[in-house]
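Shown next, in C-alpha cells, is the structure this report addresses.
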Number of protein chains: 2
Amino acid sequence: MEEKEYLEDHEELLKTVLDRQPADEVLYDLAELFKVFGDSTRIKILYAMFETELCVNDIARLLNLSQSSVSHQLRILKTSKLVKFRREGKSVFYSLDDEHIKLILSMGMEHVEE
Amino acid sequence: MEEKEYLEDHEELLKTVLDRQPADEVLYDLAELFKVFGDSTRIKILYAMFETELCVNDIARLLNLSQSSVSHQLRILKTSKLVKFRREGKSVFYSLDDEHIKLILSMGMEHVEE
DNA sequence: TCAACATATGTTTATTTGTTCATATTATAA
DNA sequence: TTATAATATGAACAAATAAACATATGTTGA
C-alpha cells in the first residue's frame with residue numbers, strides 16, 4: 001500500500017524534526033536575545049556604537065533620547081551581553097561587546113534591504 | 001588648549017557617528033524583523049522547518065501548539081518574508097523562505113551558547 | 001563635607017502582543 | 001450539494017514592555 005508507506009515515512013520524518021530541535025530552554029534564550037534586538041531604540045544605540053565607544057550622555061544627545069531611557073536600555077543590552085562598559089571619572093563608556101553583534105545586525109540588515 | 005582640542009575632536013567624532021547611522025526608517029524595519037525572531041513559539045516553528053517543509057497541522061502536533069496559534073504565527077512569519085508556502089489539496093505546506101534565515105538564527109545561537 | 005554632575009533605578013502608565021475561543025474560508029470526497 | 005477536514009481570521013483578554021517622571025547612587029573638586 002503506497003499511501004500507508006508514505007504516511008509511515010512522513011511520521012519518521014517528523015520524528016527526525018523533533019530530534020533535531022534544540023532544547024526548549026535554548027530556544028527560549030535565543031528568543032530572548034532577538035527580543036533585545038527587536039526595539040528600534042536599542043538598535044539605534046547599538047548602531048551608534050559601531051564606530052566608537054560612547055558615554056550615556058553622548059548617546060542621549062546624539063539620538064534625542066532621555067537620559068533615563070538610554071540608561072534603562074543600556075541595562076538591558078548589558079544584561080544580554082551585547083555591550084560592555086568602563087568607567088572613566090563621572091562618565092561610563094559603553095561599547096559593543098564583540099564583533100558578533102555587528103554580524104547579527106548586518107545579517108538582519110541584508111534581509112531588510114532586499 | 002589641549003582640553004578644548006579634545007572636546008572639538010570629540011564633537012567631530014559624534015558627527016561622524018550620526019552621519020553613518022542608517023535612516024530611522026531602515027532601523028525601524030530592522031527592529032521589526034528581529035521582533036519576529038523574538039518569540040520562542042516562532043523560533044520553534046522556524047527551527048522545525050530547518051529540515052523540511054511542514055503543514056500547519058504537523059507543526060501544531062509536533063510542537064504541542066494549537067492550530068490557531070500556529071496559523072497566527074505563520075501569518076506573521078509570512079508577512080515578514082521568513083517563510084513561504086504552497087497549497088496541496090487541503091493542506092498548506094510552509095518552509096523557510098531562504099538560507100538567510102538559518103544564518104541569522106545560527107548567528108544568534110552562537111551568541112547564546114557562549 | 002558639600003555642591004555639581006553623570007548615571008542608575010523604582011514606579012506608574014499606555015501600548016503592544018501572544019493566546020484562546022468562536023467562526024469563516026477553502027478544498028475534497030461522497 | 002453536502003459533510004468533513006485543513007487552514008485562516010476576528011475579537012477579547014492577560015501578560016509583557018518601553019517611556020516618562022521622580023529619586024537614588026556614585027564621582028569629582030572645592
Side-chain angles (χ1 to χ4, degrees), chain A residues 3 6-7 10 14 24 27-46 48-49 53-80 82-95, chain B residues 3 6-7 10 14 24 27-46 48-49 53-80 82-95:
Chain A
E3 179 66 8
Y6 168 74
L7 284 180
H10 189 61
L14 293 188
D24 269 22
L27 294 177
Y28 186 80
D29 289 347
L30 187 54
E32 287 304 303
L33 173 67
F34 284 123
K35 211 172 282 184
V36 176
F37 285 105
D39 176 84
S40 59
T41 300
R42 285 192 289 268
I43 293 263
K44 274 186 200 177
I45 294 176
L46 290 173
M49 296 189 302
E53 61 174 7
L54 291 170
C55 70
V56 179
N57 186 49
D58 281 344
I59 297 174
R61 273 194 308 142
L62 217 57
L63 306 180
N64 247 316
L65 300 167
S66 73
Q67 179 270 322
S68 175
S69 179
V70 172
S71 206
H72 275 294
Q73 300 300 358
L74 284 172
R75 191 167 59 81
I76 294 174
L77 293 171
K78 208 160 43 177
T79 303
S80 39
L82 298 191
V83 301
K84 57 185 185 220
F85 62 99
R86 66 181 183 85
R87 181 140 220 155
E88 186 179 314
K90 281 176 287 191
S91 297
V92 178
F93 287 86
Y94 284 85
S95 55
Chain B
E3 179 66 7
Y6 167 74
L7 285 179
H10 190 60
L14 293 187
D24 269 22
L27 294 177
Y28 186 80
D29 289 347
L30 188 54
E32 287 304 304
L33 174 67
F34 284 123
K35 211 171 282 183
V36 176
F37 286 104
D39 175 83
S40 60
T41 301
R42 287 192 290 268
I43 293 263
K44 274 186 200 177
I45 294 175
L46 290 173
M49 297 188 302
E53 61 174 7
L54 291 169
C55 70
V56 179
N57 187 49
D58 281 343
I59 297 174
R61 273 196 308 142
L62 217 57
L63 306 180
N64 248 316
L65 300 168
S66 73
Q67 178 271 319
S68 176
S69 178
V70 172
S71 206
H72 276 296
Q73 300 299 359
L74 284 172
R75 191 167 60 80
I76 293 173
L77 293 171
K78 209 161 43 178
T79 303
S80 40
L82 298 191
V83 302
K84 57 187 184 222
F85 62 100
R86 68 181 181 85
R87 180 141 220 154
E88 186 179 314
K90 281 176 288 190
S91 297
V92 179
F93 287 86
Y94 284 85
S95 56

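Labels below follow one simple rule: chain letters A, B, ... track the order of the sequence lines, proteins then strands, and each chain is numbered from 1.
- With sequence neighbours excluded, no residue forms a salt bridge (charged side-chain N to carboxylate O under 4.0 Å, His left out) with Asp29(B).
- In this view, Tyr28(A) satisfies the ring-ring contact (aromatic ring centres under 6.0 Å, His included) rule with no residue, not counting sequence neighbours.
- Distance CG (Asn64(B)) to P (dT19(C)): 13 Å, rounded to an integer number of Å.
- With rounding to whole Å, Tyr28(A) atom OH is found 10 Å from dA16(D) atom C1'.
- Checking the phosphate oxygens (OP1, OP2) of dT17(C), no side-chain nitrogen or oxygen of Gln73(B) falls inside 4.0 Å.
- The separation between Glu32(A) atom CD and dT17(D) atom C1' is 12 Å, rounded to whole Å.
- The interatomic distance linking Glu88(B) (CD) with dT7(D) (C1') rounds to 15 Å, in whole Å.
- In this structure, the side-chain contact (heavy atoms from CB on, under 4.5 Å) partners of Ala60(B), at least two apart in sequence or on a different chain, are Val70(B).
- Under the salt bridge (charged side-chain N to carboxylate O under 4.0 Å, His left out) criterion, Arg87(B) pairs with no residue at all, not counting sequence neighbours.
- By the salt bridge (charged side-chain N to carboxylate O under 4.0 Å, His left out) test, Asp39(B) is found to be paired with no residue, residues two or more places apart in sequence or in another chain being considered.
- No side-chain heavy atom of Ser71(A) sits under 4.5 Å from any side-chain heavy atom of Arg75(A).
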**Report entry** Under 4.0 Å protein heavy-atom contact, by nucleotide of nucleotides 3-16 of chain C - B base, S sugar-phosphate only
**Finding:** --BSBBBB------

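- Put simply, CZ on Phe37(B) is 18 Å from C1' on dT17(C), counting in whole angstrom units.
- Atom CZ in Phe34(A) sits about 19 Å away from atom C1' in dG18(C), given to the nearest Å.
- When each of Gly89(A) and Ile76(A) is assigned the nucleotide of DNA chain D with its nearest heavy atom, Ile76(A) is the one assigned upstream, toward the 5' end.
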